[in-house]
**Q** 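Attaching a single structure in structure tokens format; questions to follow.
Numbers here are sequence positions counted from 1. Each ligand, and each atom within it, is numbered from 1 in the order the structure gives.
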Amino acid sequence: MATYIVLLGMPGAGKGTQAAIISKDLGLPHITSGGMFRELAGQDTELARRVREIMRRGDLVPDDLTVQIVRERLERPDAAGGAILDGFPRTVPQAEALDALLAENGHSVTVVPFFKLSKEEALARLGGRWICSKDPNHMYHTRFNPPKVPGVCDIDGAPLYQREDDTPEAHKQRIEVYMERTAPLIEYYRDRGLLVEINAEQPIEAVTAELMAAIKERIVENGHSD
Ligand code: ADP
Ligand code: ADP
């Protein structure tokens, strides 16, 4: 039985950080819709320009394009055993589309860890986020997780950068969009018995421990033993 883990929580909650860690432990690919859109936005096409503008403002890319991109990613062979979904779904129609596309193959969402933290903490995290220019999984924070040498990735020595949408205006908009469009997914997944609350206001290692315990418990309960 394939395992699909949906990480839910505000921008800045730590989903990407944790997904990179548990992806290795669980042997499941880390699928990030934001990362896929950043790749798309870097191309030189009209679609890329539109996506870039939406992201810069902190708005959501339309559901049909988002679902299409994730569907294609989930069909790749490395996701045959399931995936860790980070940043998708972000709207109720996206969640419904995910349920439908997994059902086509007799699969379903296994568990939805919900990263709980205050808006203030999320904003503080977004404000200090720096990312490795070589591997976006290498993520730092000026105060909470600083690199050994300022501006340089500890792992591969590449320069760090801040995302174009990590501006105070885009942060405000992204949190508003989250409250309006994504927060309803908390009830959506709670109603289906899939939601597990994770205290995301702990240090990174403590969040990982809580998250892994919740996931493993659910995998055992469901007989997702592979
Ligand atoms: P963060 O981790 O800070 O929340 P992401 O990297 O997940 O940011 O997403 C960056 C941007 O990519 C979003 O603000 C949005 O414009 C777009 N995006 C990512 N995932 C989705 C999605 N599932 N639906 C619509 N837009 C998305
Ligand atoms: P998301 O993917 O939910 O938007 P990220 O994983 O990108 O969140 O994390 C946002 C910022 O917060 C990054 O700079 C990251 O280094 C930092 N961060 C992540 N988890 C924690 C944590 N538990 N405590 C403090 N800072 C954290």
**Q** Considering only the protein, which heavy-atom contact is closest to atom 18 (N) of ligand 2, and what is its distance?
**A** Arg125 CD, 4.1 Å
**Q** List every atom of ligand 2 that sits less than 4.0 Å from any heavy atom of Lys15, numbering the atoms from 1 in the order shown and giving each element.
**A** 1 (P), 2 (O), 3 (O), 4 (O), 6 (O), 8 (O)
**Q** I need the atoms of ligand 1 closer than 4.0 Å to a non-hydrogen atom of Gln94, numbered in the order shown.
**A** 22 (C), 23 (N), 24 (N), 25 (C)
**Q** What residue and heavy atom of the protein are closest to atom 15 (C) of ligand 1, and at what distance?
**A** Asp59 O, 3.4 Å
**Q** What atoms of ligand 1 come closer than 4.0 angstrom to any heavy atom of Arg38?
**A** 6 (O), 10 (C)
**Q** Short list, please: which atoms of ligand 1 are under 4.0 Å from a heavy atom of Gly34?
**A** 5 (P), 6 (O), 9 (O), 12 (O), 19 (C), 20 (N)
**Q** Below 3.5 angstrom, do we get any N/O pair linking Leu60 and ligand 1?
**A** no
**Q** Hey, which atoms in ligand 2 end up nearer than 4.0 Å to a heavy atom of His141?
**A** 14 (O), 16 (O)
**Q** Give a yes or no on whether a salt bridge exists between Arg73 and Asp78, defined as a side-chain N under 4.0 angstrom from a carboxylate O.
**A** yes
**Q** For the side chain of Gln94 and the backbone of Arg90, is there at least one donor-acceptor N/O pair under 3.5 Å apart?
**A** yes
**Q** Show the atoms of ligand 2 that are less than 4.0 angstrom away from any heavy atom in Met10.
**A** 3 (O)
**Q** Would you say Gly12 and ligand 2 have an N/O pair spaced under 3.5 Å apart?
**A** yes
**Q** Between the side chains of Arg190 and Glu197, is the shortest nitrogen-to-carboxylate-oxygen separation below 4.0 Å, so that they form an ion pair?
**A** yes
**Q** Classify the contact between Phe115 and ligand 2 as side chain, backbone, both or neither, using a heavy-atom distance cut-off of under 4.0 Å.
**A** neither
**Q** Looking at ligand 2, does Gln18 have a heavy atom less than 4.0 Å from it?
**A** no
**Q** Under 4.0 Å from a heavy atom of Thr17: which atoms of ligand 2 are those, numbered in the order shown and with their elements?
**A** 5 (P), 6 (O), 9 (O), 15 (C), 19 (C)
**Q** Got the closest protein heavy atom to atom 27 (C) of ligand 1, with its distance?
**A** Phe37 CE1, 3.7 Å
**Q** For ligand 1, which atoms, with element, lie under 4.0 Å from some heavy atom of Thr66?
**A** 22 (C), 23 (N), 24 (N), 25 (C)
**Q** In the protein, what heavy atom is nearest to atom 5 (P) of ligand 1, and what distance, to one decimal place, separates them?
**A** Arg90 NH2, 3.6 Å
**Q** Which is closest to atom 13 (C) of ligand 2 in terms of heavy atoms, Tyr140, Tyr178, Trp130?
**A** Tyr140
**Q** Below 3.5 Å, N or O to N or O, backbone or side chain included: is there any such pair between Gln202 and ligand 2?
**A** yes
**Q** In terms of side-chain geometry, is the basic nitrogen of Arg56 or Glu53 positioned less than 4.0 Å from the acidic oxygen of its partner?
**A** yes
**Q** With nothing but distance in play, are any N or O atoms of Asp86 less than 3.5 Å from an N or O of ligand 2?
**A** no
**Q** Heavy-atom contact check, 4.0 Å cutoff: does Arg57 meet ligand 1?
**A** no
**Q** Number the atoms of ligand 2 from 1 as they appear, then name those within less than 4.0 Å of a heavy atom of Phe144, with their elements.
**A** 25 (C), 26 (N)
**Q** Would you say the side-chain atoms of Ser133 pair up with the backbone N or O of Pro159, donor to acceptor, closer than 3.5 Å?
**A** yes
**Q** So which bit of Ala19 gets within less than 4.0 Å of ligand 2, heavy atoms only: side chain, backbone, both or neither?
**A** neither
**Q** With a 4.0 Å cut-off on heavy atoms, does Ala13 reach ligand 2?
**A** yes
**Q** What protein heavy atom sits nearest atom 8 (O) of ligand 1, and how far off is it?
**A** Arg163 NH2, 3.1 Å
**Q** Is the closest N or O pair between Gly16 and ligand 2 shorter than 3.5 Å?
**A** yes
**Q** With a 4.0 Å cut-off, would you call Glu46 and Arg50 a salt bridge?
**A** no
**Q** Provide, to 0.1 Å, the distance between atom 26 (N) of ligand 1 and the closest protein heavy atom, together with that atom's residue and name.
**A** Val61 N, 3.1 Å
**Q** N/O of Ser33 under 3.5 Å from N/O of ligand 1, yes or no?
**A** yes
**Q** Yes or no: does Glu201 have any heavy atom under 4.0 Å from an atom of ligand 2?
**A** no
**Q** Using atom types as modelled and distance alone, determine if a side-chain donor or acceptor of Ser23 lies under 3.5 Å from a backbone N or O of Pro29.
**A** no
**Q** Can you name the atoms of ligand 2, numbered from 1 with element, that are less than 4.0 Å from a heavy atom of Pro11?
**A** 4 (O)
**Q** Which of the atoms in ligand 2, numbered in the order shown and given with their element, are less than 4.0 Å from a heavy-atom of Pro203?
**A** 23 (N)
**Q** Donor-acceptor pair, Ser33 side chain versus Gly87 backbone, under 3.5 Å?
**A** yes
**Q** Do Arg129 and ligand 2 have an N or O pair less than 3.5 Å apart?
**A** yes
**Q** Run the numbers on Asp99 and Tyr188 for side chain to side chain donor-acceptor pair (under 3.5 Å), then give the verdict.
**A** CA-CA 12 Å; Asp99 285 344; Tyr188 181 95; 2.5 Å; yes
**Q** Do NZ/NE/NH1/NH2 and the carboxylate oxygens of Glu120 and Arg125 come within less than 4.0 Å?
**A** no
**Q** Which residue supplies the protein heavy atom nearest to atom 1 (P) of ligand 1, what is that atom called, and how far is it?
**A** Arg174 NH2, 3.6 Å
**Q** Would Arg57 and Asp165 pass as an ion pair if we require N to O under 4.0 Å?
**A** no
